[in-house]
Amino acid sequence: MRLGDDPEVEKFRADLNTFLDEHLPSAEEATERSTSSAHMPEWTRRWQRTMFDHGWLLPGQPTEYGGRNATLPQVLAHAEELSRRRVYHSFNPQGIGIIAASILSFGTEDQKKKWALPLLRAEITGALGMSEPGAGSDLAGLRTRAVLDGDVFVVNGQKVWTSGAHHADVILTFVRTDPDAPKHKGISVLLIPTDTPGVTRRPFPNMTQPDDVDFNEVFFDNARVPAENLLGEPNKGWAVAGGSLGHERTMLWVSFAERLDDLVRDSPSDGEWYATLQMDLQALRLLGYQQLAGALHGTSNQAEVSVLKLFGSEAVQRGSLHALEEHGEGSLVHPAATAPYTHMMPDTFIAGWFERYARSFPGTIAGGTSEIHRNIIAERILGLPR
Amino acid sequence: VEFEFDEDQLLLKQAVRETLVRTQGLPEDQLWATYRELGWLEATPVELAIVLEELGYVADPTPFLASATWFAPLAGRLPEGPGTGVFDGTGRYVLDADRAAEVALLTDAGVRVVPGGELATERIGTFDHRLHIAHVTADDLVRGVPELALMGLAVSTVGACRKILDLVVGHVKQRHQFGVPIGSFQAVKHKAADMYVAIERARTLAYYSALTIAEDDPRRTRAAHMAKAAAGECQRVVFANGFQLFGAMGFTWENELQIYLKRVIAGDLLLGTASQHRKAILSDGGTAQADGKTPAEVTA
């Protein structure tokens, strides 16, 4: 246990900062705003490509996939540094962090060339098709069917909450391929191009305003998908879900730490809640480092990730509510700017306190609701019966 | 920041746990002798935190906490026998002052160490009946709470909170109602999960405080306030959820739960509640004292 930093990590951090100082797009370049999590204006594609070419996009990957074989602490330093400087490494985060990462973990060499590389180079964008109207918390209950017919899968069913689908070129889609197997054992994963006949996307706005459109319903009506688009083994899709999302989850706390840091910066107060907020931020970081050390040495319980997700998202929500109350009736004003504008991460900064509080709820709902994470902690850490 | 125990620290933790299982129920003087013999009093801050967390877990009846974290940082040495310190400027509610062989007094002329027998002390009856608390009468007392004392109470409280959670988990697994263990109900699970998260948060801040003291880091004052405030916030959740989940059993004298319930609230009340330390964090603003060694000031 020590406070000092690892020189190898600090060297890595310094290199990253040198790169950012040199290559970060200026506010003038950032002309067009990204309107969804898969909408990439030209300048954002150039930026992601620059990161890819310099090995800073997914630093944990080998050089040919936009990385530099970085160690886990270095990967964390990368996430922290981008967060500290309020920079998105990609304007299609799920395309990089989940879809390309899954293909690199589970895909064939051909699939890596055909799908992962273009995603990483920002030539195409991706969306993640997991949730369905009847399968949210009970994700394994998904019912979208895929039936093999010669060398194509015929897909029928519906996804929902598919962020950015209307701008995405490909959807990583979880489908049921064996309806007779136990529910976790009959799921497969298909890469479905969005221009496939029979795929219909219906984007819909979230509650903040009618022109904030990221959510989609996606309908599959006899969509014919080449069998070669199967990612991983048939009926082993649940492992892909665990593998791809697992990595993402290990670093997920960084985004909550960033939100807490935003609140500390944007709503100074002499109320006691402001001290609690700073304690939450400090504790979240320390728990994150602790978990990273556990992951490095193979001693961590995967369920500990639930502690960080639950704690981080709820701390952000509590802090946001306090800030909302602190600003009283002024919190009603919309639109309102409550944070300094950052062109590399413009989303939530140009929102009033009411909207910022509202925007804390996706944090406690998406990626497993707080209730699901409490169950996981109780069952897999404390050993309470199911 | 490297925030995990090294091998030696893990071994120490294990050794302390084993010792405390072995010595369970021994008279206080024998426990005290054992701790001294094992050199626990000499432990440096992070190792001391490990020892104190485990002592909190067994609601240790000895004057170890006061000797190691109230006397030592004030006197600048370890006590010969049991010791304590008076550093709140009033001499009121001093841990173990009634049974300390040596008492370090923080006065406007500096620290004065006095044999316990020569001081006017008055033990106070407390709801936590195993706790020793006394008022001390002395002149020229001034306030200056050592960070080590805040960290020590914080980490002991975390240890006692952990014990409550373990007792509760054992209870809800074994207690059946409606034909199933009550631990299978989500209402119960969620309360237990909240206890776990609160403990993890408080523990991590307690060890961070120990680490900043060990490394004489400029953030040590702020970290000590955070540790004490977090322990207080933690015990609120753990006390309420733990008491509730135990049902009527927890309200009995026979059940050991009561010992820990009382201890965790005492841990919050002594040396300032969570609320007082949150205020201290705000007024301190996170800025370090010039030499980084000045005792933390707590606005009473």
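Note on naming: letters A, B, ... go to the chains in the order of the sequence lines (proteins, then strands), and numbering restarts at 1 for each one. We use all heavy atoms of the structure for the numbers below, so side chains are in, but hydrogens, waters and symmetry mates are not.
Taking the side chain to side chain donor-acceptor pair (under 3.5 Å) definition, one finds that A:Arg2 meets it with B:Glu2, sequence neighbours left out.
Between A:His327 and A:Trp353, the ring planes lie parallel to each other; the angle is under 30°, not in the 30° to 60° tilted range. B:His225 and B:His277 have tilted rings, their planes meeting at an angle from 30° to 60° on a 0 to 90° scale.
Interface summary for chain B: among A:Asp280, A:Val307, A:Leu284, A:Asp270, the most heavy-atom pairs under 4.5 angstrom belong to A:Asp280. Interface summary for chain A: among B:Val172, B:Asp6, B:Asp194, the most heavy-atom pairs under 4.5 angstrom belong to B:Asp194. For the set A:Glu371, A:Gln291, A:His373, the count of heavy-atom pairs under 4.5 angstrom toward chain B peaks at A:Glu371. Comparing A:Pro73, A:Gly4, A:Ala283 by how many heavy-atom pairs each has under 4.5 Å with chain B, the most go to A:Ala283. When A:Leu310, A:Asp5, A:Asn375 are compared by the number of non-hydrogen pairs under 4.5 Å with chain B, A:Asn375 comes out ahead. The candidate with the highest count of non-hydrogen atom pairs below 4.5 Å against chain B, out of A:Leu286, A:Ile377, A:Leu384, is A:Leu286.
Residues B:His171 and B:Leu167 fail the side-chain proximity criterion, which asks for heavy atoms closer than 4.5 Å. Contact check for A:Glu304 versus A:Gln290: no side-chain heavy atoms found under the 4.5 Å cut-off.
For the pair A:Arg68 and A:Trp56, the cation sits on the ring face: its NZ or CZ lies under 6.0 Å from the ring centre, inside 45° of the axis.
No close placement of the B:Tyr207 and B:Phe3 rings is indicated, their centers lying 6.0 Å or farther apart.
Only the backbone of A:Ser269 comes within contact range of chain B, judged by heavy atoms closer than 4.5 Å. Within the 4.5 angstrom heavy-atom criterion, only side-chain atoms of B:Glu215, from C-beta onward, approach chain A. Neither the backbone nor the side chain of A:Ile376 has a heavy atom closer than 4.5 Å to any heavy atom of chain B.
In summary, B:Lys13 and B:Asp8 do not engage in a salt bridge, as defined by a charged side-chain N under 4.0 Å from a carboxylate O. The pair B:Arg162-B:Asp166 does not meet the salt-bridge criterion, since no charged nitrogen lies less than 4.0 angstrom from a carboxylate oxygen.
Residues of residues 41-58 of chain B lying under 4.5 angstrom from chain A, judged on non-hydrogen atoms, are B:Val46 in numerical order.
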Worksheet item: Between A:Glu258 and A:Arg86, is a side-chain contact (heavy atoms from CB on, under 4.5 Å) present by the stated rule, with each step listed?
Response: CA-CA 8 Å; A:Glu258 180 183 302; A:Arg86 304 295 188 271; 4.0 Å; yes

